[in-house]
2 protein chains.
Amino acid sequence: MVKELDEKTEELPDHVGWRLWQASRAWQAEFAAAMRAAGHGWFTEARAGLLGHIERSGIRQSALIERSAISKQAIQQLLDGLEAEGIVERLPDPQDGRGKLVRYTRKGLAALRDGDRVKMEIERRYVDRIGEERFTALMGALRALAAGKVAAMDEDAGVAGEVVESK
Amino acid sequence: MVKELDEKTEELPDHVGWRLWQASRAWQAEFAAAMRAAGHGWFTEARAGLLGHIERSGIRQSALIERSAISKQAIQQLLDGLEAEGIVERLPDPQDGRGKLVRYTRKGLAALRDGDRVKMEIERRYVDRIGEERFTALMGALRALAAGKVAAMDEDAGVAGEVVESK
DNA sequence: CCATATAGTCAAGATACTTGACGATATTCG
DNA sequence: CGAATATCGTCAAGTATCTTGACTATATGG
């Protein structure tokens with residue numbers, strides 16, 4: 001089944017961008033597969049990213065928009081989908097007649113717990129695979145990279161909107 | 001303009017999947033921006049990913065499909081776009097009446113050179129940012145992860161093109 | 001009260017994929 | 001040889017994600 005690429009020794013990419021992409025895709029595929037296996041078939045990457053920004057206690061939709069680097073319309077569409085799946089619900093904000101509160105349903109909270117568990121399992125597998133030391137180095141480098149990216153800005157708050165991104 | 005997120009100290013994601021995604025996206029954005037700045041306005045992330053698999057000497061479309069983890073139809077659509085932009089051209093394969101050869105045009109080769117230069121520049125910036133040692137550790141860990149993935153999954157023939165090289 | 005900003009929605013479209021169906025060519029094998 | 005089968009590329013249609021523009025409803029600050 002495996003192709004005999006060896007015969008030609010193709011030079012496949014090995015620069016940092018490719019490696020990051022490759023690793024990121026692999027993680028996402030593993031996570032999504034595990035979530036689907038856990039019965040959360042509605043799970044997608046974009047939704048995962050959004051859910052990561054919704055606190056257990058709920059959040060105002062406008063606040064959600066601020067911290068997710070994508071357009072409010074995109075978020076709305078994602079929320080529409082999640083609401084239809086019964087993961088979150090939207091209630092009117094008693095504090096503001098314009099606003100809405102986004103909250104997990106019970107089903108959503110269960111999914112959240114499974115998500116945390118799956119993440120830990122994947123992380124454990126990663127450590128098994130490459131060793132604790134290497135894994136720590138990986139995380140350190142990735143964190144440093146992320147921090148360095150915003151080193152230009154001192155304001156911690158200003159950073160949040162940018163770094164948080166949608167995922 | 002700056003939001004006061006500090007007051008709540010939101011716990012932003014910090015697991016390995018998030019970090020990988022974040023780093024991958026940042027790299028791609030940086031690369032695409034630099035390419036567009038270099039006059040290659042047709043450049044997008046998806047196209048970049050595909051172009052990375054096309055050798056200077058050209059490649060059979062079917063071979064391209066094998067090593068790109070997406071469907072052949074998606075690749076075809078990307079190639080359609082690249083062909084329309086004049087980056088690649090498709091010629092009939094003299095060896096196989098069904099097949100086609102995908103080759104860079106002169107314009108495509110120029111873009112490729114710029115791409116290599118940009119990659120090196122980004123890598124240099126990364127090293128400046130987090131230090132040579134950390135960067136080396138990052139690459140080592142990512143390579144190890146990719147290599148370990150092959151051993152871990154065997155039902156993954158579909159992405160053979162992606163992982164085979166890791167040995 | 002009025003001007004303006006904010007919260008959310010609706011609509012349309014672009015990009016990057018997917019699956020399914022299909023015709024044309026190659027290969028294998030009775 | 002010729003028929004079954006596999007491969008190569010294409011066409012068509014649909015999904016997921018994200019965009020911009022236009023709009024309504026509510027809030028806020030002179």
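Just so we're clear, the structure is a prediction, and the values are computed from it rather than from any experiment.
- Mapped onto DNA chain D by nearest heavy atom, A:Gly97 and A:Leu78 fall at different nucleotides, with A:Leu78 at the one closer to the 5' end.
- For B:Arg124, there are no side-chain hydrogen bond (donor to acceptor under 3.5 Å, both in side chains) partners at least two apart in sequence or on another chain.
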All N/O donor-acceptor pairs, side-chain side in residues 41-52 of chain B, below 3.5 Å, sequence neighbours left out:
residue, atom, partner, partner atom, Å
B:Thr44, OG1, B:Arg47, N, 3.4
B:Arg47, NH1, B:Trp42, O, 2.8

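- For residues 69-79 of chain B, there are no salt bridge (Lys or Arg N to Asp or Glu O under 4.0 Å) pairs, not counting sequence neighbours.
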Next on the checklist: How would you summarise protein contacts on nucleotides 5-14 of chain C per nucleotide, using B for base, S for sugar-phosphate only and - for none, with heavy-atom distances below 4.0 Å?
Outcome noted: BBSBBB-B--
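- A close approach under 4.0 Å does not occur between any side-chain nitrogen or oxygen of A:Ser71 and OP1 or OP2 of D:dC18.
- For B:Glu123, there are no side-chain hydrogen bond (donor to acceptor under 3.5 Å, both in side chains) partners at least two apart in sequence or on another chain.
- Not a single side-chain hydrogen bond (donor to acceptor under 3.5 Å, both in side chains) links A:Asp128 to another residue, sequence neighbours left out.
- The distance from atom CD1 of A:Ile70 to atom C1' of D:dT20 is 14 Å, rounded to the nearest whole Å.
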With 3.5 Å as the limit, what N/O pairs link the protein to nucleotides 1-3 of chain D?
none

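- Distance CD (A:Glu85) to P (D:dT15): 14 Å, rounded to an integer number of Å.
- Rounding to whole angstrom units, CD1 of residue B:Ile59 and P of D:dG9 are separated by 10 Å.
- The interatomic distance linking B:Ile75 (CD1) with C:dT15 (P) rounds to 19 Å, in whole Å.
- For the salt bridge (Lys or Arg N to Asp or Glu O under 4.0 Å) test, residues two or more places apart in sequence or in another chain that qualify with A:Lys119 are A:Asp116.
- Pairing each heavy atom of A:Leu109 with each of A:Arg56, the nearest pair is CD2-CG, 3.8 Å.
- Other residues, nucleotides and ligands place more than 12 heavy atoms under 6.0 Å from the CD atom of A:Glu121.
- In this structure, the CD atom of B:Gln95 is 16 Å from the C1' atom of D:dT7, given to the nearest Å.
- Within the structure, a side-chain polar atom (N or O) of A:Thr44 is placed less than 4.0 Å from OP1 or OP2 of D:dT17.
- For A:Ser24 (side chain) and A:Leu20 (main-chain N/O), no donor-acceptor pair under 3.5 Å exists by modelled atom type.
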Which donor-acceptor pairs under 3.5 Å do side chains of residues 75-94 of chain B form with protein atoms, sequence neighbours excluded?
residue, atom, partner, partner atom, Å
B:Asp80, OD1, B:Arg90, NH2, 2.3
B:Glu83, OE1, B:Arg90, NE, 3.2
B:Glu83, OE1, B:Arg90, NH2, 3.0
B:Glu83, OE2, B:Arg90, N, 3.3
B:Glu89, OE2, B:Arg103, NE, 3.3
B:Glu89, OE2, B:Arg103, NH2, 2.7
B:Arg90, NH1, B:Gln61, OE1, 3.4
B:Asp93, OD1, B:Gln95, N, 2.8
B:Asp93, OD2, B:Arg60, NE, 3.0

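- Here B:Ala74 lies in heavy-atom contact (under 4.0 Å) with a base.
- By the side chain to side chain contact (heavy atoms under 4.5 Å, CB included) test, A:Ser71 pairs with A:Gln73, A:Ala74, sequence neighbours left out.
- One interatomic measurement links the two molecules: CH2 of A:Trp42 to C1' of D:dT15, which rounds to 18 Å at whole-angstrom precision.
- Residue B:Phe43 contributes atom CZ, which lies 11 Å from atom P of C:dA16 at whole-angstrom precision.
- In this structure, B:Glu83 atom CD and D:dG9 atom P are separated by 13 Å, rounded to whole Å.
- Across the helix from C:dC1-D:dG30 to C:dG30-D:dC1, the helix axis at one end is tilted relative to the axis at the other end by 10° (nearest 10 degrees, each axis from five pairs).
- By the salt bridge (Lys or Arg N to Asp or Glu O under 4.0 Å) test, A:Arg113 pairs with no residue at all, sequence neighbours left out.
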